[in-house]
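Down below is the structure, laid out as structure tokens.
Residues: numbered from 1 along the sequence shown.
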Amino acid sequence: MSTLRLGDWTLDTVDAGYLWLDGGSMFGSVPKPLWSRTNAPDERNRIRLAMRCMLLRGHGRTVLVDDGLGDKSSEKFRDIYRVEAEPSLEHSLAALGLGPGEVTDVVLTHLHFDHAGGSTVRTPDGLRPWLPHAHWYVQRRNWDNAHAPNPRERASYLPENFDALMDAGVLTLWDGPQRPWPGVETIDVNGHTRGQQVVRVAGGGQVAYFVTDLIPTAAHVRIPYVMGYDVAAIETMTEKRALLERATQEHAWIVLEHDPDTALARPVADGDDFTWAERVPAAAGAPAR
């Protein structure tokens, strides 16, 4: 886990396990000889990806951004995506001295299964929210998209991960950018999926961005490195450039949700593109299985 102090906020990265996705899909038109230098594929051409969430504590709130895959998936699903369940999000929170009941809020960047799957758990009485005292937030546009997905995204939006939140009355749908707490704002980005949101946190002269699937791994800092999963690659490149230009001017940290080796990185301009001026490694002790 990595920790930043941003004024009255304490930011921690918290891990929720790993999964392996197709390397070609993760890098789109980038040739395999290039992306495989930094992201070695397995025998099924999958690369290892973290499910790293962000925890904010301050202003009387304990805010989680995304909640990983959860533990509801079938054996077939776990095989397809080579799921590594540990460290679980619950164990990562416990390492910070927190139990599930202490989380007050969850901001979901979007409702794809690897970002929102941990929101619900199965019980003898059916699905229920995982965190007993939390309230969840997602963009209305993404909620609508998740309930009428295009054919390419249908397998990524699983109602079992989020409908129970609405049924329980613990989900708020946001319309556009928000400033929910002091120093925290959301930024709409729609190239990966409609209604995705980045979370920016500022305080004490420091800034951090949780960039979700806009920049999924450290290699994706390059503007042309866009996932094949994205619904609008040109839009992603425009959104990525705008965010990196702003983050560079602010000397901000980027929290990388999916990079297995780098938790935080600080971007810098590199000609007409971007690279990393500084990186903070992910926590030790989580070797690939």
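- The heavy-atom pair separating Ala164 from Thr120 by the smallest distance is CB-CG2, 4.0 Å.
- In summary, Asp261 and Arg48 do not engage in a salt bridge, as defined by a charged side-chain N under 4.0 Å from a carboxylate O.
- Between the Ser73 side chain and the Leu69 main chain, no donor and acceptor come within less than 3.5 Å of each other.
- In terms of heavy-atom proximity, Ala218 sits nearest to Arg279 at CB-NH1, 3.4 Å.
- At a threshold of 4.0 Å, the pair Arg52-Asp259 does not count as salt-bridged, since none of the basic side-chain nitrogens sits closer than that to a carboxylate oxygen.
- Exactly one residue among His115, His220, Gln196 makes a side chain to side chain donor-acceptor pair (under 3.5 Å) with Asp213. That residue is His115.
- Cluster annotation: Val268 is not connected to Phe274 through the hydrophobic network of ILVMFWY side chains, with a link wherever side-chain heavy atoms come within less than 4.5 Å.
- Judged by distance alone, the side chains of His147 and Asp163 do bring a donor and an acceptor atom under 3.5 Å apart.
- Taking CD of Glu185 as the reference point, atom CZ of Arg179 lies at 4.5 Å (rounded to 0.5 Å).
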Tabulate below the donor-acceptor pairs under 3.5 Å that side-chain atoms of residues 23-35 make, not counting sequence neighbours, or state none.
unit_1	atom_1	unit_2	atom_2	d
Ser25	OG	Asp22	OD2	3.2
Lys32	NZ	Asn45	OD1	2.9

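- Of the charged side-chain nitrogens involved, at least one lies within less than 4.0 Å of a carboxylate oxygen, so that Arg194 and Glu235 count as a salt-bridged pair.
- Cluster partners of Leu6 are Leu4, Trp9, Leu11, Met54, Leu56, Val63, Val65, Val107, Tyr137, Trp174, Trp181, Val184, Val199, Val201, Phe210, Trp253, Val255, Leu264, Val280, counting Ile, Leu, Val, Met, Phe, Trp and Tyr whose side-chain heavy atoms approach within less than 4.5 Å, directly or via other members.
- Side chain of Lys240 to main chain of Ile215: no donor-acceptor pair is present (N/O by atom type, distance under 3.5 Å, no hydrogens or angles).
- A salt bridge links Arg200 to Glu250: at least one charged side-chain nitrogen sits closer than 4.0 Å to a carboxylate oxygen.
- Here the shortest heavy-atom pairing between Ala146 and Phe162 reads CB-CZ, 3.8 Å.
- Side-chain rings of His112 and Tyr157 approach one another, their centers coming within less than 6.0 Å.
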